[in-house]
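What follows is a single structure, written as structure tokens, with notes after it.
Excluded from the calculations below are hydrogen atoms, water molecules and symmetry mates; all remaining heavy atoms, backbone and side chain alike, are included.
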Amino acid sequence: MGGFKKFLLRGNIVELAVAVIVGATFSGLVQALVADLITPLIGAITGGRQPDFADYSFTVNGSQFKYGDFLNHLITFLIIAAVVYWLVVMPMTRLISLFDRDEAATTKQCPECLSDIPAEARRCAHCTVELVPDSEKPLA
């Protein structure tokens, strides 16, 4: 029981729970944005009649296909995907590239096996090839 208690009290579990709650709330917010602002905006652009995409459907052999509800969910998904991309993925990519730039200054690539090695290394730890220092390389 002690191990289970430690597992539940780990920071990752708490962070995951908070992320799920915030994500669910954000989803509701975006669904409201689509239903209350974007759908009426489309209605204003298309002639003043506010479309209710949820009611759009067609019937084939007695089976009803509700493609309008799918459109609402598709718009919601695209908005959430755009927000996650622009507010989470892009900033994290930039942050990681800043750290990679600092790492690149302290490492170099082995000319034989192309693995990353410390910049001051005289021998590759992966393929054991002897490296010639930059000061001893012949001028081209």
Side-chain angles (χ1 to χ4, degrees):
M1 195 62 150
F4 183 67
K5 182 179 174 184
K6 262 203 264 186
F7 170 73
L8 288 178
L9 295 178
R10 262 193 224 168
N12 293 344
I13 298 294
V14 174
E15 291 170 4
L16 182 61
V18 169
V20 167
I21 292 168
V22 169
T25 305
F26 182 70
S27 176
L29 179 68
V30 172
Q31 287 177 355
L33 173 74
V34 170
D36 300 336
L37 296 175
I38 293 180
T39 303
L41 180 65
I42 292 171
I45 291 171
T46 59
R49 185 178 156 277
Q50 178 177 337
D52 184 9
F53 291 138
D55 292 338
Y56 288 5
S57 64
F58 64 90
T59 305
V60 175
N61 289 335
S63 295
Q64 188 175 22
F65 294 87
K66 297 181 179 182
Y67 69 92
D69 190 45
F70 175 75
L71 286 176
N72 280 339
H73 287 286
L74 179 65
I75 293 170
T76 301
F77 168 77
L78 292 174
I79 290 172
I80 290 174
V83 167
V84 167
Y85 180 75
W86 291 107
L87 296 181
V88 177
V89 173
M90 288 297 293
M92 285 303 294
T93 303
R94 286 189 185 140
L95 183 65
I96 289 170
S97 71
L98 288 176
F99 287 121
D100 285 348
R101 239 186 287 158
D102 292 340
E103 181 182 319
T106 62
T107 62
K108 63 182 178 181
Q109 203 172 41
C110 173
E112 264 323 291
C113 68
L114 302 179
S115 61
D116 290 331
I117 54 175
E120 300 299 318
R122 293 187 304 229
R123 185 176 294 273
C124 178
H126 302 281
C127 69
T128 69
V129 69
E130 192 169 340
L131 304 170
V132 178
D134 288 334
S135 61
E136 295 179 15
K137 287 185 179 176
L139 298 174

Quiz item: Residues two or more places apart in sequence or in another chain: which of them pass side-chain hydrogen bond (donor to acceptor under 3.5 Å, both in side chains) with Gln64?
Solution: Ser57
Self-check item: hydrophobic_cluster_shared for Phe70 and Leu78, side chain cutoff 4.5 Å
Solution: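 Same cluster: Leu78 reaches Phe70 through Ile, Leu, Val, Met, Phe, Trp or Tyr contacts under 4.5 Å.
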Practice problem: Say whether Leu33 and Val83 are linked into one hydrophobic cluster, either directly or through other cluster members, by side-chain heavy-atom distances under 4.5 angstrom. | Solution: yes
Would you indicate whether the side-chain heavy atoms of [Y] and [X] approach each other to under 4.5 Å?
| X | Y | value |
| --- | --- | --- |
| Ile117 | Thr107 | no |
| Leu29 | Thr25 | no |
| Cys127 | Cys110 | yes |
| Thr59 | Phe65 | no |
| Phe77 | Ile75 | no |
| Val129 | Cys113 | no |
| Leu114 | Gln109 | yes |

Quiz item: Do Thr93 side-chain atoms and Val89 backbone N/O form a donor-acceptor pair below 3.5 Å?
Solution: yes
Quiz item: In terms of the angle between their ring planes, are Tyr56 and Tyr67 parallel, tilted or perpendicular, with boundaries placed at 30° and 60°?
Solution: tilted
Quiz item: Take atom CD in Glu112; do more than 12 heavy atoms of anything else shown fall under 6.0 Å from it?
Solution: no
Quiz item: For Phe26, does the CZ atom sit with more than 12 other heavy atoms under 6.0 Å from it, leaving out its own atoms?
Solution: yes
Quiz item: Just how far is it from atom NZ of Lys108 to atom OG of Ser115, taken to the nearest 0.5 Å?
Solution: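 If I round to the nearest 0.5 Å, the distance is 11.0 Å.
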Self-check item: Rounded distance (nearest 0.5 Å) linking atom CD1 of Ile79 with atom CG of Leu74
Solution: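 With rounding to 0.5 Å, CD1 (Ile79) is 10.0 Å from CG (Leu74).
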Self-check item: Minimum-distance pair of heavy atoms, taken over all atoms of Ala121 and Leu131
Solution: O-CD1, 3.7 Å
